[in-house]
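Written below as structure tokens is the structure these notes are about.
A quick note: this is a predicted structure, and the numbers were derived from the prediction, not measured.
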Amino acid sequence: MKRSLTLTQKRALLGILFILPWLLGFLFLFVSPFVQSIRFSFSELQVAPSGYDLSFIGLDNYTNALRIDPNFNRILTESVSEMAYNVPMILFFSLFAATLLNSKFKGRPLARAIFFLPVILASGAIAEAQSAGLIQLTGSSQIAQELGEQQNGFDPMILANMLGNGGIPIWFIEYIVTAVNRIYEIIRSSGVQILIFLAALQSVPSTMYEVAKMEGATAYESFWKITFPMVSPLILTNVIYTIIDSFADSQVTQYIYETAFTSQNFGLSAAMAWMYTIVVSLILIVVGFFISRRVFYYN
């Protein structure tokens, strides 16, 4: 008699099928350079007519990166600090924008496309097409810059004075004012997060809001008692994505690239890359551990 799969087995099989493309790419495309970079980090690479020669030098590349190189520690520290500063801004704006875009109003698909447009314009494909001369965005960028320089409709000091009069701490006021001044950068970095939050908001059963309204709950109470707990698993996803995204195109990656292909020091570059990977991994583990303890999973 043929035994049918249980629901748990079906979900496990679906999960395996979901990660199968990544797993095949990792095995056939990533494992070889992964192992090679480890060898480079413990060796001194010298270019030879037949290719390259490796001389094992132990931890010298790591020691050089931490104690001798004048820039690596400083750039790494600045990147971590900037990440810790930017992630809360991006997450708060993403959830706020997704909540607005989830409401019903005319032109909602166009508004969603506008919020995601900066992500497309900042993508690598657009940058490569522009550098190859296939498209030209310089004119529109100059116009946007001129309009930004000429605008005088909003003064951040008005917001700062208003928050200060309300008894808000100075450090929080400075944080909010900085976020307002960097609004375009935040929007450009929030497109994917907005889509993830929007998908989470649309998956919340409408019956919950109907029951809460019948019980006399306000919109504020509905958000904190229903919306926020229901989207909390996606908050963890967006935090991890935002951290990785901030590190993927940071000053550290540029410095590692220049060390390898400008200074031709591939061993030192590989050691920097592995230390950078370890730092990012530790941050993800710590952040994921503390946030996952507050996540609410609805079954």
Side-chain angles (χ1 to χ4, degrees), residues 7-8 11 14-15 18 83-116 119 159 162-180 182-183 186-187 189-246 283-299:
L7 179 60
T8 303
R11 288 181 175 179
L14 183 62
F18 183 79
M83 178 276 301
Y85 197 78
N86 291 337
V87 168
M89 290 184 188
I90 295 172
L91 289 177
F92 175 80
F93 177 80
S94 300
L95 183 57
F96 175 75
T99 303
L100 292 180
L101 295 175
N102 190 50
S103 58
K104 296 180 180 180
F105 57 91
K106 293 183 178 180
R108 184 172 61 173
L110 178 61
R112 293 177 179 178
I114 291 174
F115 272 94
F116 194 70
V119 179
L159 177 62
M162 182 179 65
L163 295 177
N165 294 332
I168 306 298
I170 298 298
W171 65 268
F172 188 73
I173 295 176
E174 294 177 351
Y175 187 81
I176 296 298
V177 172
T178 302
V180 172
R182 300 172 56 190
I183 187 62
I186 294 174
I187 294 175
S189 304
S190 303
V192 175
Q193 292 88 330
I194 291 174
L195 288 181
I196 294 175
F197 277 135
L198 192 58
L201 291 172
Q202 291 178 345
S203 65
V204 178
S206 59
T207 53
M208 289 188 173
Y209 295 107
E210 295 174 358
V211 172
K213 187 175 181 180
M214 292 174 60
E215 294 293 332
T218 63
Y220 178 84
E221 293 172 335
S222 296
F223 177 83
W224 288 109
K225 298 297 183 180
I226 299 176
T227 305
F228 191 80
M230 294 294 289
V231 303
S232 60
L234 277 304
I235 293 177
L236 176 60
T237 302
N238 274 335
V239 168
I240 294 176
Y241 173 83
T242 306
I243 292 175
I244 295 176
D245 186 57
S246 64
I283 292 175
L284 290 175
I285 291 173
V286 172
V287 172
F289 173 77
F290 284 104
I291 296 181
S292 62
R293 299 179 64 181
R294 298 290 183 178
V295 170
F296 170 79
Y297 291 101
Y298 173 77
N299 294 323

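- For I244, the side chain to side chain contact (heavy atoms under 4.5 Å, CB included) criterion is met by I240, L284, not counting sequence neighbours.
- In plain terms, the two heavy atoms of P229 and P233 that are nearest each other are O-CD, 3.9 Å.
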Would you mind writing out the side-chain donor-acceptor pairs for residues 86-101 within the sub-3.5 Å range, not counting sequence neighbours?
from	atom 1	to	atom 2	distance (Å)
N86	OD1	R182	NH1	3.0
N86	OD1	R182	NH2	2.9
N86	ND2	E82	O	3.2
S94	OG	I90	O	2.6
T99	OG1	L95	O	2.7

Could you list the donor-acceptor pairs under 3.5 angstrom formed by side chains in residues 192-216, with sequence neighbours left out?
from	atom 1	to	atom 2	distance (Å)
Q193	NE2	S189	O	3.2
Q193	NE2	T242	OG1	2.9
S203	OG	A200	O	2.6
Y209	OH	T227	OG1	2.6

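- Remark: F228 pairs with W224 by the ring-ring contact (aromatic ring centres under 6.0 Å, His included) rule, at least two apart or across chains.
- Evaluation of the side chain to side chain contact (heavy atoms under 4.5 Å, CB included) rule for T8 yields T6 as partners, not counting sequence neighbours.
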